[in-house]
Amino acid sequence: MNQEHTTTENIIDYLHHELGPEADAALLLHLKSCAQCAAMYEEQARLSESLRAFARASERELPQGVVARIWDAVDAQAPQPSVTQRIAAFFRPAIVVPVAAVLVVGAFFGYSATHHASPMITIDAAYYLRDHASINNTMPFGESSVEPTSLRSDESASDQQWVASTGASAVAETR
Amino acid sequence: MAAPRKPFDPPSPEQTAFLERAIEQHGKATYNFALRLTHNEADARDLTQEAFIRVYRAWRSFQPGTSFVSWIYRIVTNLYRDELRRRKGRYQEEIPEDNAPQEYSGARPLAVEPIEDLVESQFGETMSKALAALSPDQRQVVVLADIEEYSYQEIAEIVGCSIGTVRSRLHRARQQLRKLVEHYSAKS
Ligand SMILES: [Zn+2]
């Protein structure tokens, strides 16, 4: 096979199995017959191997402190007990009198009514999109805007659906 | 990171179990990925912590059947990019255009306690320094392509850029890395 020498770029793509089948086969054949390109390949392959060896040698365990901090943060973010739960807790040791029952029922419906208001859902959706811009944002380093891209990304649609359905189930729960 | 008020979204046992499993199965890999990206232990710990908190909050948006690791790597990548942007005042990193010539500046982006000392051998030290001297996006693509062994397509999805960008960035990063390895091994 009499063909021109290959490029470093081709070698790198070849090394990462990113050439098409024909180009891959042609380069393999060329490497067998051309010492110059074979040396170039060897050098690139060595670099990849060095990187993997470095990664193996420098691998760390996940520090336990990190795990603890994750759970602390998650616990801190857990919602406060609802009004009904707090009232129920307040009255739990007491003798249940009709007045208390009326209070609880009244508070319950008052609480439900606020949850039926649609602004709750839009506030939550806005919060979600803002807070999760990092997750939704699929733009590379260097793009200036975070929020608009999150609104453009494919995932934001499903996230909004998720928020909407979560909102709906929360409303259903209060009924 | 401030914990904003969230009106509802009571934690379910499934959500807690999801996080528990995620940390157990992928915590170490995520931490090591963050460590290679940031080249700094304190930053890697913060990134890992924040990434799993995002995973917990957004657990329903994870699609079963897709790669969890790719998902959390994407979260880590985006958090890291945001963090770099926040610290821009301290670290003047010019995001290189793909066709712009790149020069080794010697700047180490976020390093406070570099991980060179973690790797005792001379080779490890050389490689560690060389990787640290790459730009963050070059380092990222090298880590994903050669250490994590992702395809260009997968890297494009994690990083959020085109396959062409992945390819050219990797080519340049490796050229740069070879020079840096030579530079540091000649020095030591
Ligand atoms: Zn040749």
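In what follows, chains carry the letters A, B, and so on, assigned in the order in which the sequence lines appear, proteins first and then strands, with residues in each chain numbered from 1.
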Would you give the length of the straight line joining atom CG of Leu19(B) to atom CH2 of Trp71(A), rounded to the nearest 0.5 angstrom? 4.0 Å
Holding to side-chain hydrogen bond (donor to acceptor under 3.5 Å, both in side chains), I want the full list of residues that pass it with Thr8(A), two or more places apart in sequence or in another chain. none
Bottom line for Arg167(B): the part with an atom under 4.5 Å from chain A's heavy atoms is side chain
Listed by number, the residues in residues 9-22 of chain A that come under 4.5 Å of chain B (heavy atom to heavy atom) are Glu9(A), Ile12(A), Asp13(A), Leu15(A), His16(A), Glu18(A)
So what's closer than 4.5 Å to chain A heavy atoms on Ile158(B): side chain, backbone, both or neither? neither
Sidechain N-carboxylate O distance under 4.0 Å for Glu43(A), Arg178(B): yes
Quick one: side-chain hydrogen bond (donor to acceptor under 3.5 Å, both in side chains) partners of Ser151(B), sequence neighbours excluded? Glu154(B)
With heavy-atom distances below 4.5 Å as the criterion, would you say the side chains of Tyr56(B) and Ile70(A) are in contact? no
What's the shortest heavy-atom distance between Ser50(A) and Phe123(B), and which atoms? O-CZ, 3.2 Å
By a 4.5 Å heavy-atom criterion (distance strictly below it), what part of Tyr152(B) contacts chain A: side chain, backbone, both, or neither? both
Let me confirm one number: the OG-CG distance from Ser58(A) to Leu131(B), rounded to the nearest 0.5 Å. 8.5 Å
Could you tell me which of Glu20(B), Gln175(B), Met127(B) has the largest number of non-hydrogen atom pairs under 4.5 Å with chain A? Met127(B)
Rounded distance [0.5 Å steps], CG in Leu51(A) versus CZ in Arg36(B): 10.0 Å
Output all residues satisfying side-chain hydrogen bond (donor to acceptor under 3.5 Å, both in side chains) with Glu148(B), sequence neighbours left out; order by chain, then residue number. Tyr73(B)
Applying side-chain contact (heavy atoms from CB on, under 4.5 Å), run through Ile23(B) and Leu62(A) and close with a yes or a no. CA-CA 9 Å; Ile23(B) 295 173; Leu62(A) 176 65; 4.1 Å; yes
Starting at CG of Asp46(B), measure out to CZ of Arg69(A) and round the result to the nearest 0.5 Å. 5.5 Å
Hey, is the main chain of Tyr31(B) close enough, under 3.5 Å, to the side chain of Arg60(A) for a donor-acceptor pair? no
Within 6.0 angstrom of Glu182(B) CD, more than 12 heavy atoms from elsewhere: no
For Thr30(B), is it the side chain, the backbone, both, or neither that has a heavy atom closer than 4.5 Å to a heavy atom of chain A? neither
